[in-house]
Structure formats: structure tokens, C-alpha cells
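Only one structure is covered here, and it is reproduced in the block below.
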Amino acid sequence: MVVLTFTDEFTSNVKPRRLFKALILDAPNLIPKLMPEAIKNVQLVEGNGGPGSIQEITIAERDNIKHLKHRIDAIDLEKLTYNYAVIEGDAALEEVDSISHEIKFEATEEGGCKTKNVSKYHPKEGVDVKGEDFKAAREEGLALLKVVDAYLVANPEAYAEGNINSVHFKLNMEVLTFTDEFTSTVQPGRLFKALVLDAPNLIPKLMPEAIKNIQLVEGNGGPGSIQEITIVEGNKIKHLKHRIDAIDQEKLTYSYAVIEGDAALEKVDSIAHEIKFEATKEGGCKIKNVSKYHPKAGVDVKVEDFKAAREEGLALLKVVDAYLVANPEAYA
């Protein structure tokens, strides 16, 4: 299938490193401030800002596009290059499966910067696309560059030369954050009862091949209580201890931290989860789990290191969901 490739260039009097800091490293903070009429917010929803991380951009309500998700594919703080792909974005991906960008910031002889953006549009199968279809998107990208450039010209102290990691949003952040969602036809209250309130009884029954038992070893089940999970022999992880940090049966929210767990904590000091059960328009439930991994000092971690754990969490959700669907009287 034909891939449409465009090369757009922008020349500025601002030095390359200042533009890189502002446009790339501090984009989540700076862009919504400079363009509040277009961008509501930019937030990291997965990863630590390095390759594989996911950024979610929420667009102002008046725009045709409501949100976008960017996957960071490469970032080089020395060569001042940045690659990312648009992997989600309602109207932005109507005609294409994905959009990839390779951006390079180069010094000019005059002491300024030439920003070069090579963008590739991968059309959906059977969709006829033309270069004109993406003209508006490219012009919007240029407009963003011009706004940031004007800000840097007007504020020569901002993002001045020095340590490129001195901005608030930087590579190798201390905490890796992931946001996972699961949608079910089961009502939120039932899922909350089964997955949270009655987990010590239900989970070992539904998953005897994985979970031997779950027991409360400290507290009364409220904040500060400790649950111990014993894993079936043959698994890499033998046991886990969860500390319950918050539980709200009205708002259907539950927060806990993994504070002990042999192989589970090899690379991290702790893992924190914030789980929310929300009703959907269809009468079902959307479960949102924000998990934060706190790496041990000096340990290099990657997004892929925690893929299996996240998939296991999703598998557990699916098992409980299937049980509730098959047993509509349970936890009614």
C-alpha cells in the first residue's frame, strides 16, 4: 500500500536546544498554556517519557478532533531528534491507520535552528487519499511551531542553554505510569463487590491454577490493611502483599500498593494502583486502572518490563467479568 510522505521545514532564530526543550521535553506544560483555545491538556498516560511511552492530548471542545494519543518511538537528547506516531485520534485517523513523524532540530549558520519534520501517512485499506487531505493537519503543526517560536523570541530567558533535562517534563522520570481500561456489560456495583470487596473468596475459586489464597493479615479491610496473596507453585512470583490505601464504596474507587512480592519487585520499590469503576451509557462499566511503578535507585527499567503483569491483571478482570455475566444473580 502507498504511504504518503511529506517533508516540512521551519527556520527560526532560536537555538535548536531551546526549541527542543520547549517543543518536545516540556510540551505537556507549555503547549496548553500557549494554545488554550486549541489544546486542553497533554499528559503522559503510559511509560516514563522514553520510547514506548504514550501521551494523550485532549483537544478543545470546538475542534473536530477530540483527543489524540501519541506513541513515542525514539528520542535523542544529543542529536535533538524525536520520532512519534499518532495511534489514536477519532477524526485524525478516519482515512489512515497511523501517522508517523520524524523530527530533527538542526543548527543553522546564522545561529538559529531549522526544524525538519518528515511525516508519513499510512492509508486504511481501500481508502483513496490525496495530499490535500492532510494539508490542514500540516498547517496546524506549523502554526504550533510558530507560536512556540514567538514565545521563545519574546522570552529569551525561557529554556535557556544548559542542562537539557532541567525542564519539568524530562526523560527518565522517577515513576512509570500506565493507564489501562476495560469495558464490561456488567454494572459497576457488581464488579466492585466481586473484584474488590469479595476478592479473597472469589478469586482463588475462579483462578485456582494461579491463586492459592488471599487473606487479610493486618487491619480490618480498610485503609492501612494488608492482604497477602499466595501464588500457586510453579509461578515466578511466590507471594504478594498489598497495602490498601483507599476504598470508597460510594464512588467505587480502590487504591492499593504492592509492598512485597519477590520477583514482582525485582526492579521497583513499589507498585501503586488507583482503580475506578464508572458506569457507561449502555448500562455497563468501564474500569480504569492507573498504575505507577517506582523503580529502584540506579535500575534501568523499560515499558516492556511490566507488560506481562498488566496483561495478567487484564486476564483476571476478564475471568471475573465472564463469571458475572454467566451468573447474573451473583453480587446483585
Using the side chain to side chain contact (heavy atoms under 4.5 Å, CB included) criterion, which residues pair with [X]? Sequence neighbours excluded.
X      : result
Pro200 : Ile214, Gln227
Pro32  : Ile39, Val42
Glu139 : Lys135
Ser98  : His122

Sequence neighbours left out, what passes side-chain hydrogen bond (donor to acceptor under 3.5 Å, both in side chains) with [X]? Give chain and number order.
X      : result
Asn41  : Thr58
Glu260 : His239
Arg71  : Asp73
Arg138 : Asp8

Surrounding [atom1] of [X] (heavy atoms of other residues, nucleotides or ligands, distance under 6.0 Å), is the total greater than 12?
X      : atom1 : answer
Lys238 : NZ    : yes
Gln187 : CD    : no
Lys296 : NZ    : yes
Asn13  : CG    : no

In Å, rounded to the nearest 0.5 Å, how long is the span from [atom1] of [X] to [atom2] of [Y]?
X      : Y      : atom1 : atom2 : answer
Leu252 : Ile247 : CG    : CD1   : 10.0 Å
Leu80  : Glu78  : CG    : CD    : 8.0 Å
Ile75  : Tyr84  : CD1   : OH    : 12.5 Å
Lys241 : Glu228 : NZ    : CD    : 5.0 Å
Asn220 : Glu218 : CG    : CD    : 10.5 Å
Glu181 : Glu278 : CD    : CD    : 8.0 Å

Looking at side-chain heavy atoms only, is the closest gap between [X] and [Y] below 4.5 Å?
X      : Y      : answer
Val232 : Met207 : no
Leu30  : Tyr159 : yes
Lys212 : Glu233 : yes
Ile271 : Leu265 : yes
Asn289 : Phe178 : no
Glu282 : Thr185 : no
Val268 : Phe306 : yes

Q: Might you work through the side-chain contact (heavy atoms from CB on, under 4.5 Å) test for Leu23 and Phe105, ending with a clear yes or no?
A: CA-CA 10 Å; Leu23 271 168; Phe105 297 75; 3.9 Å; yes
Q: Determine whether Leu44 and Val290 fall in the same hydrophobic cluster, where Ile, Leu, Val, Met, Phe, Trp and Tyr are linked whenever their side-chain heavy atoms lie under 4.5 Å apart.
A: no
Q) Is Leu216 linked to Leu240 within one hydrophobic cluster, defined over Ile, Leu, Val, Met, Phe, Trp and Tyr using a side-chain heavy-atom separation of less than 4.5 Å? A) no
Minimum heavy-atom separation for [X] and [Y], please, with both atom names.
X      : Y      : result
Pro123 : Leu4   : CG-CD1, 4.0 Å
Glu102 : Asn83  : CA-OD1, 3.3 Å
Pro295 : Leu176 : CG-CD1, 3.7 Å
Pro51  : Ala74  : CG-CA, 4.2 Å

(Q) Could you work out, with ring-ring contact (aromatic ring centres under 6.0 Å, His included) as the rule, every residue matching Tyr256, not counting sequence neighbours? (A) His242, Tyr254, His273
Q. Judged by atom type as modelled, is there a donor-acceptor pair below 3.5 Å linking the side chain of Lys193 to the main-chain atoms of Ala332?
A. yes
Which pairs would a plain distance check flag for residues 112-121, meaning a side-chain donor or acceptor within less than 3.5 Å of a matching protein atom at least two apart in sequence or in another chain?
from: Asn117; atom 1: OD1; to: His101; atom 2: ND1; distance (Å): 3.3
from: Asn117; atom 1: ND2; to: His101; atom 2: ND1; distance (Å): 3.4

**Q.** Other ILVMFWY residues reachable from Ile259 by side-chain steps of under 4.5 Å
**A.** Val217, Ile226
Q: Show your working on side-chain contact (heavy atoms from CB on, under 4.5 Å) between Thr81 and Ile103 and close with a plain yes or no.
A: CA-CA 6 Å; Thr81 58; Ile103 306 172; over 6 Å; no
Could you list the donor-acceptor pairs under 3.5 angstrom formed between side-chain atoms of residues 317-331 and any protein atom two or more places apart in sequence or on another chain?
from: Asp321; atom 1: OD1; to: Ser184; atom 2: OG; distance (Å): 2.3
from: Asn327; atom 1: ND2; to: Tyr323; atom 2: O; distance (Å): 2.9
from: Tyr331; atom 1: OH; to: Asp198; atom 2: OD2; distance (Å): 2.5

**Q.** Candidate list Leu314, Val186, Thr183, Leu195, test side chain to side chain contact (heavy atoms under 4.5 Å, CB included), partner Ile287, passing option
**A.** Leu195
